[in-house]
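None of these values were measured; they are calculated from a predicted model.
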Amino acid sequence: MTVAMEDTETKAVSGAEIRLENVTKRYPNTKAAAVDEFSMVIPAGRIVVFVGPSGCGKTTTMRMINRMVEPTSGVITIGGKDALHIDADELRRGIGYAIQQAGLFPHFTVAQNIAVVPGLLKWDKKKIDARVDEMMDLVGLDPGTFRHRLPRQLSGGQQQRVGVARALAADPPVLLMDEPFGAVDPITRGNLQDELLRLQNELGKTIVFVTHDFDEAVKLGDKIAVLGDRSTIQQYDTPDAILANPANDTVAGFVGAGASLKQLTLLRVRDVPFDTDNVIAVDHGDAPAQVAEKLRLADRAYALVLDERQRPLRWVHRRELAGRTSLLDAGKPVGDSVTTQSTLQDALEAILTEGGRAVVTGARGELIGTIDISTVTDVIANVRETHADGGSA
Amino acid sequence: MDLWQYVSERWDRLSLQALLHVSGVVQCTIIAAIIGVVVGVLVYRSSVGSAVATALASTILTVPSFALLGLLIPFLGLGVAPSVTALVLYGLLPIVRNTIVGLNGVDPAVTDAAKGIGMGRLGVLTRVELRMAWPAILTGMRVSAQMLMGIAVIAAYAKGFGLGSEVFSGLTRAGSANSLNQALAGTLGVVILALILDAVFVLIARLTIPKGVRD
């Protein structure tokens with residue numbers, strides 16, 4: 001049996017590479033620089049998350065990219081072009097910008113808010129109207145319902161969506177996001193994060209995302225930069241590598257407890273070698289006696305009952321088969337199952353719920369295998385070993 | 001002769017005076033608004049500048065209107081010039097102060113976003129900040145206009161425009177025929193005009209304050 005390959009990772013990249021070289025910000029009348037000799041390459045079409053404690057300079061660093069903060073010295077290029085020697089307003093019109101409270105213009109409707117940057121770029125009216133509708137669809141707001149609403153008539157989550165739509169309206173290659181989901185409730189935040197990932201899958205922008213929430217960084221980042229005081233880079237790597245092998249105590253402190261559990265959110269069932277033939281599967285029409293015999297021959301305790309379309313229905317134990325006429329009322333129903341798309345964290349939850357072994361299903365709910373706790377522990381051990389080698393090399 | 005009779009017999013003159021009064025006040029309010037908003041825009045970002053501008057404007061207001069007019073006459077002579085100057089100066093404080101308060105009250109996240117998506121300085125000011133500060137500025141103008149309605153009466157002392165001349169000549173001729181009627185007609189006229197002008201301001205607020213900014 002093969003694992004379904006639904007998720008082809010061919011992203012269109014419309015983003016541009018950002019390079020920061022020895023970028024320093026020194027405020028007048030202060031001894032220490034706020035950002036000291038910061039150098040980093042942010043690859044095109046990727047999400048890079050700046051994460052660090054409050055006041056570490058991560059926001060200042062991000063704001064130097066669109067010159068909301070003018071660097072004192074250093075070089076910043078976007079897509080190879082020098083960002084520091086062109087008109088700042090021109091530069092900003094080519095960079096999407098989304099901030100914490102969304103910063104929507106309260107006296108503009110949703111459509112007017114989204115249309116600001118295309119308007120500044122002097123697009124013609126028809127093109128702007130079409131673009132506004134397109135952006136609203138993209139962020140999941142029905143244009144018919146929301147076009148003429150005012151920001152204050154929207155929920156916090158909806159305002160953030162409009163903020164993201166406004167940032168993307170002129171199709172900028174680069175998007176800067178400063179804790180954009182910081183002010184919404186956890187459930188909405190989760191949804192917005194999922195949607196940002198979906199959008200990014202379609203758009204392939206270069207996104208610089210600032211947060212102090214490490215879990216958010218792990219979820220969203222292709223790469224994470226853990227920043228310390230004065231924006232010094234403590235570690236700049238994939239979430240995977242940072243979780244498995246924090247570079248120093250500062251990073252370890254930031255990763256916090258439960259690094260292994262967080263690691264599980266990064267891996268999907270399709271990425272790990274789950275069992276595809278380690279279960280006795282029987283049809284719901286089979287006679288219980290026949291199944292009992294089958295289990296006895298295989299020396300197994302449990303059988304998995306499938307329906308006519310191969311979807312798992314129930315677990316039955318050998319002892320429960322005696323005297324039954326149908327498999328449909330024996331044993332217990334399958335409670336929690338996972339798909340190949342599920343994260344290992346979901347899988348672990350299902351394994352614990354199901355008591356040791358969870359069912360893995362395919363796109364149509366059909367049985368394609370099972371996963372147990374040893375698979376999960378093996379995977380974690382493996383990841384740690386890989387990054388430990390990489391780190392010491 | 002009762003007041004009613006007095007007013008109807010001299011309606012032509014009184015209505016002209018009333019018109020001059022209100023139009024003078026409105027024009028002075030507009031001039032004060034233009035100057036006040038410009039001053040407010042220039043100083044609102046600096047706390048020192050804001051404090052100085054507000055203090056200056058308050059100082060003007062503490063000078064009694066009689067004295068101010070008296071001081072202006074040697075420089076500007078009699079007539080419209082000293083009256084308009086005095087009224088504009090008096091009208092400044094509420095407008096300057098409210099402009100500063102209004103502009104400082106704009107949510108920093110909104111101006112940050114406006115700047116961050118590439119609106120120029122002037123764009124941020126005219127399309128965002130002033131639009132959002134407009135309710136406060138308009139309130140300042142309304143207060144100024146009310147105040148100037150009364151102060152404009154004193155302007156008659158400098159041979160200015162409006163109903164003040166009725167009040168003044170009524171008072172100086174106190175005791176003679178119709179003097180009370182004349183002073184009363186002038187005073188009541190000012191009160192009625194002030195009420196009407198206030199209603200007009202409410203209407204302007206209705207029409208010009210964007211829905212998203214209105215409470």
* Could you look at A/Arg67 and say if it's the side chain, the backbone, both or neither that has a heavy atom under 4.5 Å from chain B? =>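 The answer is neither part of A/Arg67.
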* **Which atoms of A/Leu104 approach chain B - backbone, side chain, both or neither, heavy atom under 4.5 Å** =>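 When you check distances to chain B, only backbone atoms of A/Leu104 fall under 4.5 Å.
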* What do you reckon, is CZ of B/Arg121 surrounded by more than 12 foreign heavy atoms closer than 6.0 Å? ->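 Above 12, so yes.
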* To do: Answer yes or no: are there more than 12 heavy-atom neighbours, outside B/Leu207 itself, under 6.0 Å from its atom CG?
  =>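 Above 12, so yes.
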How close do [X] and [Y] get, counting heavy atoms only, and between which atoms?
{"X": "B/Gly116", "Y": "A/Met68", "value": "CA-SD, 3.5 Å"}
{"X": "B/Ala113", "Y": "A/Gly103", "value": "CB-O, 3.4 Å"}
{"X": "B/Gly212", "Y": "A/Arg152", "value": "O-NH1, 4.0 Å"}
{"X": "A/Leu120", "Y": "B/Met119", "value": "CD1-N, 3.8 Å"}

* Asked: Can you tell if the side chain of B/Lys115 reaches within under 4.5 Å of the side chain of A/Tyr97, non-hydrogen atoms only?
  ->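 B/Lys115 vs A/Tyr97: side chains apart.
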* **chain A contact via B/Asp107 - which portion, at a heavy-atom distance below 4.5 Å** =>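 It is neither, since no heavy atom gets under 4.5 Å.
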Hey, what do you get for [atom1] ([X]) to [atom2] ([Y]), rounding to the nearest 0.5 Å?
{"X": "A/Gln112", "Y": "B/Arg127", "atom1": "CD", "atom2": "CZ", "answer": "9.0 Å"}
{"X": "A/Arg93", "Y": "B/Ile117", "atom1": "CZ", "atom2": "CD1", "answer": "9.5 Å"}
{"X": "B/Asp112", "Y": "A/Gln100", "atom1": "CG", "atom2": "CD", "answer": "11.5 Å"}

* To do: Kindly say whether B/Ile209 contributes a backbone atom to a donor-acceptor pair with the side chain of A/His107 at under 3.5 angstrom?
  =>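 No; zero donor-acceptor contacts below 3.5 Å.
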